[in-house]
Amino acid sequence: MKANIVINKITQLIPVDEIKGPRRGIEMKNIRKIEDGIIAIYNNKIIYVGSGELPDHIQTDNDTIFIDGSGKTVLPGFVDAHTHLVHGGSRENELKMKLEGMSYMEILKSGGGILSSVKATKKATEEELAEKAMKVLDRMLKMGTTTVEAKSGYGLDVESEIKQLKVANKLNDVHPVDIVSTFLGAHAVPNEYKDDVDGFVEVVINDMIPKVSEQKLATFCDVFCEEGVFNIEQSKKILEAGKEHGLTPKIHADELYPMGGAQLSAQVGALTADHLAAAEEEGLLAMQREGVIANLLPGTSFNLNVGKYACGRQMIDMGLPVALSTDYNPGSCPTENIQLIMYLASLKYKMTAEEVISAVTINGASALGLQEKIGSLETDKNADIVILDVPNIDYILYHFGINHVDTVIKNGKIVVSDRKLIKE
Ligand code: NIG
Ligand code: FE
């Protein structure tokens, strides 16, 4: 077999292999490290992972691209399994309100927050939304993210929700980053339904979900289950309706108040429960029993700045599979920087570098149901690979706030080289 690309002499190669994802509990830190590593790629697949030289059955010729991995760390491409990628406008105007002491929820209740992004998203054309999201994807890719989840939820009516999802699906076709879509019609209560939340839930269930499912625009169905937004009963109804239409449940659970979102995730068989900063032990135990992945978003806790972080350390010690994502969105967490999220998780949750790497690779892939294809460096898996200009994984977390990625290979193609995007 002939290799198109070979990365050799890798100082630290971390394949995150040997265990099918998600990794839970102690498995998150028990990942092997290969010195003098080597990886070979043919077309879009990995054909060899090892150390030293290539075995005889893999040939190279003048067309093979060799990348020198000395002094570098090589990891699976990062998977950002919770983002609000497509939206119009921005909310820097809220910064002042925040500094003056207004809470995230107070801003939302006064018609700002998510609702102001809804206004801007409704106004924007598909082209405008795509152009804005494209820049976001470029930044993500340069940071080493090769697969993202993208939620709707800034439309809040059938037409605008579908518009957002269509944009995400189109971007998936044209941008190297792979995008998995989630329908989040129940992201906020639109003003016209302020006094009739159940009425809006009916619209989500009867109008939005069937159309989204019919047009195959999403894989997952999510809901913002939070005090003053959608309660447990409404969230359950929506997620069950999603399931009936083939959409796997995910939940924005116990982000600000302990609502019982974690228990609900276990009850409805959600793949992930996300946020969990206010989750209580009972809910986490239920998640652990049902194998729900805790998808934690420390950038949001950091940026909301109310001092409440998910108990990531305890979750891992309880045996939960933990993933980490940016929650990239125009309000609570406007950052594409997954490496900053990794740093915050280490600092605030007390996760080791090994646990952090597991969380953003195989567990991120598992949080999207893609653990068979991506999230680890193994023969026959997609060649989604990041090369970081650091000698070991601890260094990524130690030297914080900068981008360590030198090269990104996506589906076997070099898409970032020498820190620059390669545009086709
Ligand atoms: O995950 N909490 C709800 N949704 C997003 C924030 C969206 C926004 O503020 O625009 C989140 O934090
Ligand atoms: Fe979110």
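Note that ligands are numbered from 1 as they come in the structure, with each ligand's atoms numbered from 1 the same way. Excluded from the calculations below are hydrogen atoms, water molecules and symmetry mates; all remaining heavy atoms, backbone and side chain alike, are included.
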* Asked: Tell me: protein heavy atom nearest atom 12 (O) of ligand 1, and distance?
  -> Ser332 OG, 2.6 Å
* **Per-atom contacts of ligand 1 with Asn329, taking only distances under 4.0 Å to non-hydrogen atoms** => 5 (C), 6 (C), 7 (C), 8 (C), 9 (O), 10 (O), 11 (C), 12 (O)
* Asked: What is the nearest protein non-hydrogen atom to atom 2 (N) of ligand 1, stated with its residue, atom name and distance?
  -> Glu255 OE1, 2.8 Å
* Do His87 and Tyr328 have ring centres separated by under 6.0 Å? -> yes
* Between Tyr343 and His399, does any side-chain donor sit less than 3.5 Å from a side-chain acceptor? -> no
* Does the gap between the ring centers of Tyr154 and His187 come in under 6.0 Å? -> yes
* To do: Go through the side-chain N and O atoms of Ser376 and Asp17 and say whether any donor and acceptor fall under 3.5 Å apart.
  => no
* Structure fact -> salt bridge (Lys or Arg N to Asp or Glu O under 4.0 Å) filter on Glu202, not counting sequence neighbours, yields Lys237
* Asked: Which residue holds the protein heavy atom closest to atom 7 (C) of ligand 1, what is that atom called, and what is the gap in Å?
  -> Tyr154 OH, 3.2 Å
* To do: Taking only heavy atoms of Arg91 into account, list the atoms of ligand 1 that are under 4.0 Å away from them.
  => 8 (C), 9 (O), 10 (O)
* Do Ser117 and ligand 1 have an N or O pair less than 3.5 Å apart? -> no
* To do: With heavy atoms under 4.0 Å as the rule, classify the contact between His87 and ligand 1 as side chain, backbone, both or neither.
  => neither
* Structure fact -> Protein N/O/S atoms closer than 2.8 Å to the Fe ion (ligand 2), ordered by chain and number, come to His82 NE2, His84 NE2, His252 NE2, Asp327 OD1
* Asked: side chain to side chain contact (heavy atoms under 4.5 Å, CB included) with Lys236: which residues, sequence neighbours excluded?
  -> Glu240, Leu264, Gln267, Val268
* To do: Taking atom types as modelled, find out whether Asp80 and Thr326 have a side-chain donor-acceptor pair closer than 3.5 angstrom.
  => yes
* **Contact check, His82 vs ligand 1, heavy-atom distance below 4.0 Å** => yes
* **Taking atom 6 (C) of ligand 1 as the reference point, the nearest protein heavy atom with its distance** => Tyr104 OH, 3.0 Å
* Counting only heavy atoms not in Asp380, do more than 12 fall under 6.0 Å of its CG? -> no
* How close does the nearest protein non-hydrogen atom get to atom 4 (N) of ligand 1, and which residue and atom is it? -> His187 NE2, 2.8 Å
* **Expected output: side-chain Gln164 to main-chain Val86 donor-acceptor under 3.5 Å** => yes
* Asked: Has Lys122 got more than 12 heavy atoms of other residues, nucleotides or ligands less than 6.0 Å from its NZ?
  -> yes
* To do: Could you tell me whether His275 and ligand 1 have an N or O pair separated by under 3.5 Å?
  => yes
* Check Asp254 against Gly260 and note the closest heavy-atom contact, atom names and distance. => OD1-N, 3.0 Å
* **Partners meeting salt bridge (Lys or Arg N to Asp or Glu O under 4.0 Å) with Glu354 (sequence neighbours left out)** => Lys33
* May I ask you to identify the nearest protein heavy atom to atom 11 (C) of ligand 1, giving residue, atom name and distance to one decimal place in Å? => Asp327 OD2, 3.1 Å
